[in-house]
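Below: the structure, in structure tokens.
Just the heavy atoms: all of them, side chains too, but no hydrogens, waters or symmetry mates, feed the values below. Residue numbers begin at 1 in each chain, while the letters A, B, ... track the order of the sequences. Quick caveat, the model's predicted, so the values are computed rather than measured.
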Amino acid sequence: MFKILDAKQLASDVKWFRIRAPLVAKHRQPGQFVILRLHETGERIPLTMANADRNEGTIELIVKAIGKTTRELCKKEAGDSIADVMGPLGHPTEIMRVDHAVLVGGGVGTAVIYPLASALQAVGCFVSSITGGRTKELVVLEDELRKVSNVVYATTDDGSYGFKGTVADKLRELMADKRRPIGVVYAAGPVPMMRAVCELTRSAEIKTIVSLNPIMIDGTGMCGGCRVTVGDKTKYACVDGPEFDGHLVNFAELSDRLTTYRKQEQISLERAEHAGHQCRLNEAAKASR
Amino acid sequence: MSMTAKERMAISRQHMPEREPMERNRDFREVNLGFSVALAQLEANRCLQCKDRKCVSGCPVGIDIPGFLEKVSAGDLRGAAELLLSANALPGITGRVCPQEEQCEQVCIRGKKGEPVAVGHLERFVADWARENLDMKQLIGSPTGFRVAVVGSGPAGLTCAGELARKGHNVTVFEALHQPGGVLTYGIPEFRLPNKIIDGEVDRLRQMGVKIICNVVIGRTFTIDELLTEEGFDAMFIANGAGLPIFMNIPGENLKGVYSANEYLTRSNLMRAYDFPDFDTPIIRAERVVVIGGGNVAMDAVRTAKRLGAKEATLVYRRSRNEMPARAEEVKHAEEEGIIFKFLTNPVRYLGTEDGWIRGVECQQMELGEPDESGRRRPVPVKGSEFVIECDVAIPAIGTRANPLLTSTTPDLKTNKWGYIEVDESGATSKPGVYAGGDITRGSATVILAMGDGKKAARSIDQYLQGKTPKTAKR
Ligand SMILES: Cc1cc2nc3c(=O)[nH]c(=O)nc-3n(C[C@H](O)[C@H](O)[C@H](O)COP(=O)(O)OP(=O)(O)OC[C@H]3O[C@@H](n4cnc5c(N)ncnc54)[C@H](O)[C@@H]3O)c2cc1C
Ligand SMILES: Cc1cc2nc3c(=O)[nH]c(=O)nc-3n(C[C@H](O)[C@H](O)[C@H](O)COP(=O)(O)OP(=O)(O)OC[C@H]3O[C@@H](n4cnc5c(N)ncnc54)[C@H](O)[C@@H]3O)c2cc1C
Ligand code: SF4
Ligand code: FES
């Protein structure tokens, strides 16, 4: 069992956790992830480590509640436990020493790029971070990013906060600024967002590293479920990635494969919501007795 | 020894009771029901107690087969179990999954004229009896103070751990997944090998003091070198299995609904997706499923598909029935359960729908040509014979290759050109104190060979440690 030591709500559906996992913490490097399973009947899901402290033996996760498992996880509080946490998995991020590095995070993708900021600053990069969401509520980790970036831009599609437009729109602006040419872009977020970023940087020939999020099970290369096409080669994201050269990734295939279980995900979610509802009804009934 | 050879010869091979095909192909409970004591005795009586004991030389671990069969026929089940267990620590598993028809039963004298003695069924019977009736606690030697790490909890790792614990060494098994057992747990389905048997073995190891730590990926959570230095292990055994599934490299492989057999079986067995939504992991329950391959893995996948509700579960194999590497019993069971077999058929591409789902497999008819390196006749395509099998799920089960995760982080561990770890006859690798066995040294092999490797390595490790001082004692 892996104990949750701290939990904090970052936005309405985004939660931060600090978890005791000394073996994982010991070797964790930026860009690596864990696979966790909440309980005996749970599924295995991958989550990036936002941070780790090897002396304390802890890792940090930032989770967006989108489906059954992430919602269930986001209901957990300090003191609760998680059945299995396995890691660290995947290759650490290749930290490039350039004059200007831009980090682009869409939604919870910000959790994936956040740990890179301090690593890039540590090797002397000027770090610009762009974090965006559809609306104000969905912009996460802005304050945290400020502590580890030289500049931070928040964007919202609807203009309810910060720059009005997508993270890609903001990146286009930065690219146009010839005073600070960009050496590398790191992007993580929804597939359409990463794709848009890569389209922009491709013509400008700016190296772009994306963190891919295919469906995973084992995380050891054993199942091939996480396969993605990169430069016409099949790669297993859990062991060959999760980061790849964005200009070579087949995004259409990735976003399509991510819809494989849409029907089942809906069933799971409805059942869980229904059970939660029943539970509250029962409690209410008990209380009124 | 009251029976004459003639009387023994007069008994025909006994059939092990099994569940009705059309009932069992809808759930995941075990197909075979096992011999009763009476049937077991009758079958054991068929053994001629030969002098030259061909069956024993056919057994990869040299079980005293006539010895334990004689005890079964005499009704001494305890004696039979003790004899069996002295050579094979996991008979409940091998009795269920060994390819007996290529080992002991292939060379059994009685098979020359008629059918061989049902050694596998009897092994299963004795093991199951022992599990119910014997205190299986193993005697363990007095503590040596040596600490040995085992990587992987498949049959090779578990066997090695047990043998080392018996010799008094302090053993820790590191397993990447959340549950021990390796392929026995994530690959081979419940209907062939119930998990409770593996759980029983794992519990027994724990009672012997073996620590099994799950969720640890060697090569990531620890490197081999760290285990030998910082973590203070005196020796180690690597048995991380073969791993990576092979795809055929034909068009359409990444369509939705194309699974590697490993993924399909892992979802179903390890994650219990067949109980979705009670268990959270989903799996596609398709009406028409095509599985490609002719081995045990393909057989397990296609029979799983049937149990998940497929109306048409089809196995496509490029050679003919005779060349199928799967266990004979599995092929027979699959046929009874209504699996459709298409022999001499090879897929050339997967066809997709507009929204990215698989809708069929385009195949080619094959014919058998000249024998290849394996001695089997090589299948060659028949020109213009292409046809389509429509399906909603397709599962290539055409083999695995070495997983580089561990070896790539241990550069001084010598591998061969396919990435498998090189070992000498004692199981030693190029790294002092580090031994290896099972699929990671052989490529995809069998449970019994993996167990044999585990046992051999335990003996070698024990010898290697003689005369050394435990690292932890030096501190
Ligand atoms: C390497 C990697 C790192 C990730 N890091 C983070 C992170 O730091 N924070 C975060 O909030 N999310 C992260 N994710 C995504 C996270 O794993 C999914 O949101 C989660 O699995 C969804 O599970 P669910 O049951 O809540 O939702 P579901 O309803 O099951 O699925 C919602 C969507 O999530 C995707 N998904 C479903 N199952 C899986 C699975 N087993 N593996 C991957 N994706 C899946 C699918 O696209 C699906 O449509 C990461 C994914 C990967 C591959
Ligand atoms: C579906 C299927 C059916 C089969 N049917 C039969 C059959 O009927 N009869 C038969 O004889 N053989 C059968 N086989 C083959 C047989 O299962 C294997 O030969 C045997 O399991 C190999 O044993 P092993 O101990 O070497 O490895 P495995 O059983 O593969 O176990 C390796 C273990 O190591 C773990 N691991 C991997 N990497 C790491 C790491 N880096 N750190 C920590 N742990 C790690 C894995 O998670 C796994 O648990 C079948 C195989 C499959 C896939
Ligand atoms: S070869 Fe057959 S008949 Fe002879 S001892 Fe072995 S099992 Fe008995
Ligand atoms: S998650 Fe199974 S191979 Fe990557």
(message) How long is the straight-line distance from CZ of B/Arg220 back to NE2 of A/His91, given to the nearest 0.5 Å?
(response) 5.5 Å
(request) Would you mind reporting whether A/Lys263 and B/Pro282 have side-chain heavy atoms less than 4.5 Å apart? (result) no
(request) Heavy-atom distances under 4.5 Å only: say whether A/Val34 touches chain B with side chain, backbone, both or neither. (result) neither
(message) Please give me the minimum heavy-atom distance between A/Gly224 and B/Pro245, naming the atom from each residue.
(response) N-CG, 4.0 Å
(message) What part of A/Ile267 gets within 4.5 angstrom of chain B, counting heavy atoms only: side chain, backbone, both, or neither?
(response) side chain
(message) Contact between B/Leu177 and A/Asp218 at the side-chain level, heavy atoms closer than 4.5 Å - yes or no?
(response) yes
(request) Would you tell me whether B/Asn254 and A/Arg227 have side-chain atoms, one donor and one acceptor, within less than 3.5 Å of each other? (result) yes
(request) Return the option, out of B/Met271, B/Arg272, B/Arg267, with the maximum number of heavy-atom pairs under 4.5 Å with chain A. (result) B/Arg267
(message) Looking only at heavy atoms and a cut-off of under 4.5 Å, which of A/Ile217, A/Thr229, A/Leu89 has the most pairs with chain B?
(response) A/Ile217
(message) Heavy-atom cut-off 4.5 Å, strictly under: side chain, backbone, both or neither for B/Leu405 against chain A?
(response) side chain
(message) So for B/Val258, is it side chain, backbone, both, or neither that comes closer than 4.5 Å to the heavy atoms of chain A?
(response) both
(message) Looking at chain A, which one of B/Thr221, B/Asp355, B/Asn249 has the largest number of heavy-atom pairs inside 4.5 Å, strictly under?
(response) B/Thr221
(message) Using heavy-atom distances under 4.5 Å, tell me whether A/Arg44 contacts chain B through its side chain, its backbone, both, or neither.
(response) both
(message) Does any backbone or side-chain atom of A/Glu72 lie under 4.5 Å from a heavy atom of chain B? Answer side chain, backbone, both or neither.
(response) side chain
(message) If you compare all heavy atoms of B/Lys256 against all heavy atoms of A/Arg257, which two are closest, and at what distance to 0.1 Å?
(response) CG-CA, 4.0 Å
(message) Could you measure the distance from the CD atom of B/Glu226 to the NZ atom of A/Lys26? Nearest 0.5 Å is fine.
(response) 5.0 Å
(request) Can you tell which part of A/Ile215 gets under 4.5 Å to a heavy atom of chain B, answering side chain, backbone, both or neither? (result) side chain
(request) Could you pull out the closest heavy-atom pair between A/Gln264 and B/Phe276, with the gap in Å? (result) O-CZ, 3.3 Å
(request) Identify which part of A/Leu38 has an atom lying under 4.5 Å from any heavy atom of chain B, answering side chain, backbone, both or neither. (result) neither
(message) Could you measure the distance from the CD1 atom of B/Ile283 to the OG1 atom of A/Thr260? Nearest 0.5 Å is fine.
(response) 12.5 Å
(message) Whether the side chain of B/Asn215 engages the backbone of A/Asp84 through a donor-acceptor N/O pair (distance < 3.5 Å, no angle test) should be reported.
(response) no
(message) Tell me if the CZ atom of B/Arg285 is crowded by more than 12 foreign heavy atoms within 6.0 Å.
(response) yes
(message) Given 3.5 Å as the limit, does a donor-acceptor pair link the side chain of B/Ser260 with the main chain of A/Cys223, or not?
(response) yes
(message) Heavy-atom cut-off 4.5 Å, strictly under: side chain, backbone, both or neither for B/Phe247 against chain A?
(response) side chain
(message) One thing to verify: whether B/Asp280 and A/Arg271 come together as a salt bridge, which I'm taking to mean a side-chain N less than 4.0 angstrom from a carboxylate O.
(response) no
(request) Output the option from B/Thr281, B/Leu265, B/Leu270 having the highest count of non-hydrogen pairs under 4.5 Å with chain A. (result) B/Thr281
(message) With chain B as the partner, which of A/Lys68, A/Met222, A/Glu253 has the greatest number of non-hydrogen pairs under 4.5 Å?
(response) A/Met222
(request) Heavy-atom distances under 4.5 Å only: say whether A/Glu40 touches chain B with side chain, backbone, both or neither. (result) backbone
(request) Please indicate whether A/Asp232 has more than 12 foreign heavy atoms, meaning atoms of other residues, nucleotides or ligands, lying under 6.0 Å from its CG. (result) no
